[in-house]
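A short write-up of the structure that comes next.
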Amino acid sequence: MLLNTAKVRVRFAPSPTGGLHLGGVRTVLYNYLFAKKHGGTFVLRIEDTDQTRFVEGAEQYIYDCLKWCGIEPDESPLHGGEFGPYKQSERKSKYWDYALQLIEAGHAYYAFDTPQELEQMRMDFKTNENPSPQYDARIRMKMKNSLTLTANEVEKLLQEKNPFVVRIKIPENEIISFSDLIHHEVSFDSNVVDDKVLLKADGMPTYHLAVVVDDFLMKITHAFRGEEWLSSAPVHILLWKYLFGLDEMPQWAHLPLIMGPSGKLSKRDGAKYGFPVYAMNWTDPRNNEFTEGFKEKGFLPEAFINLLAMLGWNNGTEQELFSLNELIDQFSIDRVHKSGAKFDYEKAKWFNHEWIKKSSSELLCPLVKPILEEKSISNINESFLKTIIDLVKERCPLLDDFFQQSSYFFIAPEELDTEAVKPKWKEDKAGFFNEMCNQLNQLNVWETTSIENCFKTLAAEKNIKPGELQLPMRIMLVGGKFGPAVFEIAYLIAKEETIKRIKSALIILNS
RNA sequence: GCCGCGUUGGUCAAGAGGUUAAGACGCCUCCCUUUCACGGAGGAAUCACGGGUUCGAGUCCCGUACGUGGUACCA
């Protein structure tokens with residue numbers, strides 16, 4: 001149905017007010033996939049029209065997250081482009097012309113009501129049936145605006161520099177409908193839509209005006225956004241109709257919301273249930289409130305993108321693991337679901353584990369190394385690390401898990417899970433390990449099989465079942481009941497270290 | 001309250017009038033493994049409800065319920 005004579009152009013338009021959460025990244029992702037699939041352009045526009053909510057560092061943070069995810073924009077304040085500026089605060093002057101144009105055509109009007117007067121209006125007209133009265137066709141004629149005042153009065157107020165806003169004049173008794181790429185036909189009764197503010201008293205446009213003007217000016221062909229915007233879509237449709245004509249309007253797609261355990265996913269859910277909701281760590285500079293990110297939690301960007309893509313979309317087959325390129329190839333907007341999906345952290349970890357398992361040690365090494373270094377494991381030999389990574393990655397759903405699963409290859413365990421062996425610990429076992437040390441010491445060929453043979457032969461001589469001895473050996477070398485085959489570990493940490501660990505464990509166990 | 005949107009196992013979901021209603025996560029059992037995982041084999045659990053339409057409905061229509069979003073000079 002896309003008879004695009006025009007090149008596909010999509011945009012993601014966040015406001016720089018804080019961290020970028022799951023839903024935001026998924027909106028970016030679907031935008032990006034759609035654009036790349038159709039050989040189009042992905043634009044990032046910063047919607048910073050609310051100056052009271054501006055947060056230092058939030059814009060840079062957005063770039064960082066997108067970069068980490070591997071879904072960078074083609075055009076943005078940072079990346080440039082021919083439709084700039086890409087920051088709405090720098091486009092302030094553009095919006096005025098359009099607001100004026102609307103006023104002249106009778107589709108908008110000046111309103112001089114103060115915030116207190118609006119509050120008063122809401123109090124006065126509040127009833128049980130209508131707990132939140134709107135500034136609409138019925139109310140507007142009772143307020144202070146260019147519809148109720150004479151031209152002279154309006155002129156005077158304007159001259160005297162009284163604060164004012166511009167509101168859209170929503171028509172009465174009209175059905176406003178449009179076709180959404182995901183929801184198909186959606187319609188609204190204009191009588192339930194209120195006269196939204198278009199231009200604020202500080203001269204900044206609201207989202208409603210800005211999104212329409214900028215989508216037009218930036219030649220956006222497809223506008224994807226979260227479903228929370230669906231309710232205000234009629235305002236935008238009307239604006240398109242009045243300003244540029246419906247034929248110019250981009251195709252809308254209102255994406256289903258990502259839900260938390262209770263309602264729309266929020267950063268509170270993360271703290272409450274113990275999972276990240278932001279792409280990367282974020283500290284709010286205003287109150288130093290810290291929110292954990294998927295990156296720092298130990299997620300691979302490939303996995304993060306993959307799990308997000310599958311939250312609300314699939315290609316109709318059983319395939320669940322997709323690379324970014326596969327997603328670009330397979331993505332189609334008409335397979336995006338209508339209903340919101342609840343985020344499941346367990347499944348998210350499964351995706352990450354799958355990606356870790358299929359990633360090469362080459363790729364994983366630079367990611368794992370700093371994690372170990374941070375926990376004061378130094379002088380890491382990279383080729384040795386790579387061997388270890390291949391050996392333990394099937395036990396590591398998160399990158400952080402590599403510490404527990406591989407630290408004992410580099411340093412002796414600080415604590416031994418002696419409870420696992422103590423109950424069955426006897427003289428003969430102590431004797432076995434003492435003798436074992438001597439024999440290992442004399443072993444000429446230090447290999448997994450030779451160590452194992454030595455171990456088993458001695459066990460047979462001492463008449464102890466090897467199985468009785470393997471767990472103690474593991475505890476001595478690893479510290480706990482986990483990790484790969486114990487003789488493999490002995491081989492890798494080398495002879496001296498193996499003997500050293502057995503001996504020091506013997507002291508603890510015999511005491 | 002009003003308006004919009006939605007509703008297939010606990011979660012993600014396939015399904016476009018006729019299927020024993022896929023698959024995945026999680027959970028349980030077993031096998032492999034004298035550790036933990038990985039891998040393999042099984043298992044429990046579902047079409048929100050009520051009416052229609054139809055020979056036949058998870059699929060179409062209408063209600064109801066529930067969920068969710070909006071109802072700001074926030075996006």
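Numbers restart at 1 for each chain; the letters A, B, ... are given by sequence-line order, proteins then strands.
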Basic-acidic side-chain contact under 4.0 Å: A/Glu452, A/Lys456
yes
Is the ring pair A/Phe482/A/Tyr408 parallel, tilted or perpendicular, if the boundaries are 30 and 60 degrees?
perpendicular
Minimum-distance nucleotide (side-chain atoms of A/His337 versus B/U68, B/A13, B/C12):
B/A13
Write down the distance separating the C1' atoms in B/G18 and B/C3, rounded off to the nearest Å.
39 Å
Rounding to an integer number of Å, can you tell me how far A/Phe402 CZ sits from B/A37 C1'?
12 Å
From the options B/C12, B/C25, B/C5, select the nucleotide whose nearest atom is closest to the side chain of A/Ala341.
B/C12
Who pairs with B/G23 - Watson-Crick or G-U, where each distance is under 3.5 Å:
B/C12
With distance as the sole criterion, is a donor-acceptor pair present between the side chains of A/Asn191 and A/Glu172 under 3.5 Å?
no
Distance between P atoms of B/A14 and B/G23 (Å, rounded):
15 Å
Residue A/Lys126 excluded, over 12 heavy atoms near NZ under 6.0 Å
no
Proximal nucleotide (of B/A13, B/G6, B/A75) relative to the A/Asn314 side chain
B/A13
Between NZ of A/Lys126 and P of B/U71 the distance, given in whole Å, is 16 Å
By nearest atom, which of the nucleotides B/A75, B/G1, B/G69 is closest to the A/Glu47 side chain?
B/A75
Grab the CD1-P distance between A/Ile182 and B/G69 for me, whole Å please.
17 Å
Please tell me if A/Ser339 has a side-chain N or O lying less than 4.0 Å from either OP1 or OP2 of B/G67.
no
Which nucleotide in the list B/C3, B/G15, B/C73 gets nearest to the side chain of A/Lys200?
B/C73
Between the side-chain atoms of A/Lys196 and the base atoms of B/A72, is any donor-acceptor pair under 3.5 Å?
no
In plain terms, say whether A/Asp400 and A/Lys297 are close enough for a salt bridge, that is, a side-chain N and a carboxylate O under 4.0 Å apart.
no
Would you say the side chain of A/Ser231 and the base of B/G69 hold a donor-acceptor pair, judged only by whether the two atoms sit under 3.5 Å apart?
yes
Counting side-chain heavy atoms from CB outward, which of B/C36, B/C3, B/U7 is closest to A/Arg395?
B/C36
B/G10 to B/C49 separation - P atoms, rounded to the nearest Å
12 Å
Determine the contact category for A/Leu257: base if any of its heavy atoms lies under 4.0 Å from a base atom, sugar-phosphate if only primed atoms, P, OP1 or OP2 are that close, otherwise nothing.
sugar-phosphate
In this structure, how many angstroms lie between the C1' atom of B/G15 and the NZ atom of A/Lys338, rounded?
14 Å
Does the Lys NZ or Arg CZ of A/Arg167 fall within the cation-pi geometry relative to A/Tyr135 - under 6.0 Å from the ring centre and within 45° of the axis?
yes
Pairwise C1' distance, B/U59 and B/A21 [rounded to whole Å]
11 Å
From B/U35, B/A24, B/U11, pick the nucleotide closest to the side chain of A/Arg474?
B/U35
Of A/Glu227 and A/Gly480, the one whose nearest nucleotide on RNA chain B sits closer to the 5' end is A/Glu227
Please check if atom OH in A/Tyr491 has more than 12 non-hydrogen atoms from other residues, nucleotides or ligands closer than 6.0 Å.
no
Measuring only the C1' atom in each nucleotide, how far is B/A13 from B/C25? A whole number of Å is fine.
11 Å
Is B/A45 paired to anything, Watson-Crick or G-U wobble with both distances less than 3.5 Å, and if yes, which nucleotide?
none
Which residue lies toward the 5' end of RNA chain B, A/Gln470 or A/Gly316, if each is placed at its nearest nucleotide?
A/Gly316
Pair assignment for B/G67, Watson-Crick or G-U wobble, requiring both distances under 3.5 Å
B/C5
What is the distance, to the nearest angstrom, from the CZ atom on A/Phe188 to the P atom on B/U71?
13 Å
What's the gap between B/G9 and B/A48 when it is taken at their C1' atoms, as a whole Å value?
13 Å
For the P atoms, the ones on B/C73 and on B/C66, what distance do you get once it is rounded to whole angstrom?
31 Å
Grab the CG-C1' distance between A/Leu471 and B/U34 for me, whole Å please.
9 Å
Rounding to a whole Å, what distance do you find between A/His183:NE2 and B/U68:C1'?
11 Å
Which listed nucleotide (B/G23, B/G1, B/C74) is nearest to the side chain of A/Glu129?
B/G1
Any strand, both distances under 3.5 Å, Watson-Crick or G-U wobble: B/G58 pairs with none
Of the nucleotides B/C74, B/A24, B/G69, which has the atom closest to the A/Trp350 side chain?
B/A24
Measuring from the side chain of A/Lys357 (C-beta onward, heavy atoms only), which nucleotide among B/C73, B/C38, B/C25 has the closest atom?
B/C38
Taking the cut-offs as 6.0 angstrom to the six-membered ring centre and 45 degrees off its axis, would you call A/Lys429 and A/Trp425 a cation-pi pair?
no
Distance, rounded to the nearest Å, where A/Glu228 contributes CD and B/C5 contributes P
16 Å
Distance between P atoms of B/C47 and B/U8 (Å, rounded):
11 Å
